Asker: 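Could you have a look at this structure, given as structure tokens, before my questions?
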2 protein chains.
Amino acid sequence: MTPGASTALPGRALDHPDRADIRLPQVLHALADPVRLSLVSALAATAAELPCSAFELPVTKSTCTHHFRVLREAGVIRQAYRGTAKLNALRRADLEALFPGLLDAILTAYTAPAQARRGA
Amino acid sequence: MTPGASTALPGRALDHPDRADIRLPQVLHALADPVRLSLVSALAATAAELPCSAFELPVTKSTCTHHFRVLREAGVIRQAYRGTAKLNALRRADLEALFPGLLDAILTAYTAPAQARRGA
DNA sequence: CATGAAGTACGAAGGTCCTCGTACAAGACG
DNA sequence: CGTCTTGTACGAGGACCTTCGTACTTCATG
């Protein structure tokens, strides 16, 4: 299942798509899920690397692993092991180079969704 | 003004979500499909209302109807009958008010996808 | 009226996705 | 070494999505 992607990482290695292999439909699909949208929003808010356990999600660990994998395989986040934890970080530079303004527009729309909806 | 184009349509009526009911995940999901992305791109390029038959799609009429319905129910386009034809138009103002910059970012990413992909 | 064009409704097949439970692997630590 | 934490792998169930074919409606026009 691992097509020779082993490098010099301490633990296991993870497959990430090259910047040139990131596709817009896949990114949009990855961000079209509420759970993943909240993950990405949390990552963008901290601007740091977070382990999976730092998120409070309404799903189980298995599902969490699944969502992180979808985000990673779409090219939205980068994951790296550090001990038993796995740190997650947004691929802001890659996304900005490929789709300028897209991530910010989505994060803005997600973080401030009420301005045009009601007076709240 | 076009006769009877404001309140009651001459033929059948179509359900459109209110601006306040447009949801980001649904919009992203609607735009995550290559067929629908091409539809939206074509609509944005002409900045006019187009009938369904104006698009050359690799799918049948039934599938085309389905995709237009997904876009309409997500709040991305507005549809109106005119005779036997059905005109489609982007809901740019609504989308821009709810998700500033989102549509432009997606259209830019879709229309000019090769600039940052050089060397691949 | 008859014909044709544009689009819809309905149902079906095949695939994908989200969620979960359970069993397991890798590292930290006493 | 034994145990705990963190996360994975695998499979299953149920829902949803995409695509199509066929029959149908609606409207324009000769």
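Computed from heavy atoms alone, side chains included, the values below leave out hydrogens, waters and symmetry copies. This is a predicted model, so every value here is computed, not measured. Quick note on labels: first sequence line is chain A, next is B, and so on, each numbered from 1.
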Asker: Can you sort out which residues in residues 61-68 of chain B have a heavy atom within less than 4.0 Å of DNA chain D? Ascending by number, please.
Answerer: B:Ser62, B:Thr63, B:His66, B:His67
Asker: Send over the distance from A:Glu56 CD to D:dT6 P, rounded to a whole Å.
Answerer: 13 Å
Asker: Determine whether a donor-acceptor pair (N or O, by modelled atom type, separation under 3.5 Å) exists between the side chain of B:Asn88 and the backbone of B:Gln79.
Answerer: no
Asker: In whole angstrom, give the distance that lies between atom CG of A:Leu31 and atom P of C:dC18.
Answerer: 12 Å
Asker: Just by modelled atom types, is the A:Lys61 backbone N or O under 3.5 Å from a matching donor or acceptor in the A:Thr65 side chain?
Answerer: yes
Asker: Using 4.0 Å as the upper bound for N to carboxylate O, is an ion pair formed by A:Asp15 and A:Arg69?
Answerer: no
Asker: Please determine, for the side chain of B:Cys52, which listed nucleotide (C:dG7, C:dA5, D:dC20) has the closest atom?
Answerer: C:dG7
Asker: Rounded to whole angstrom units, what separation is found between the CG atom of A:Leu87 and the P atom of C:dG27?
Answerer: 14 Å
Asker: Which of these nucleotides, C:dG7, D:dG7, C:dT19, is closest to any side-chain atom of B:Ala85?
Answerer: C:dG7
Asker: Just to confirm, is there a sub-4.0 Å distance from OP1 or OP2 of D:dT18 to any side-chain nitrogen or oxygen of B:Arg36?
Answerer: yes
Asker: Atom CG of A:Leu103 and atom CZ of A:Arg91: how far apart are they, to the nearest 0.5 Å?
Answerer: 12.5 Å
Asker: Respond yes when some side-chain nitrogen or oxygen of B:Thr60 is under 4.0 Å from OP1 or OP2 of D:dC20, and no when none is.
Answerer: yes
Asker: Keeping B:Thr108 on the side-chain end and B:Ala105 on the backbone end, is there a donor-acceptor pair under 3.5 Å?
Answerer: no
Asker: In whole Å, I'd like the distance from the OH atom of B:Tyr81 to the C1' atom of C:dA5.
Answerer: 14 Å
Asker: Do B:Arg23 side-chain atoms and B:Ala20 backbone N/O form a donor-acceptor pair below 3.5 Å?
Answerer: yes
Asker: Can you tell me how far P of D:dT6 sits from CZ of A:Phe55, to the nearest Å?
Answerer: 14 Å
Asker: Let me know the distance between CG of B:Leu14 and C1' of C:dG7, rounded to the nearest Å.
Answerer: 11 Å
Asker: From CG of B:Leu39 over to P of D:dT19, roughly how many Å is that when rounded to an integer?
Answerer: 11 Å
Asker: Just by modelled atom types, is the B:Gly101 backbone N or O under 3.5 Å from a matching donor or acceptor in the B:Glu96 side chain?
Answerer: yes
Asker: Rounded to whole Å, please give me the gap between CZ in A:Arg69 and P in C:dT19.
Answerer: 15 Å
Asker: Closest approach to the side chain of A:Asp33, judged atom by atom: which nucleotide of C:dC18, C:dG21, C:dG7 is it?
Answerer: C:dC18
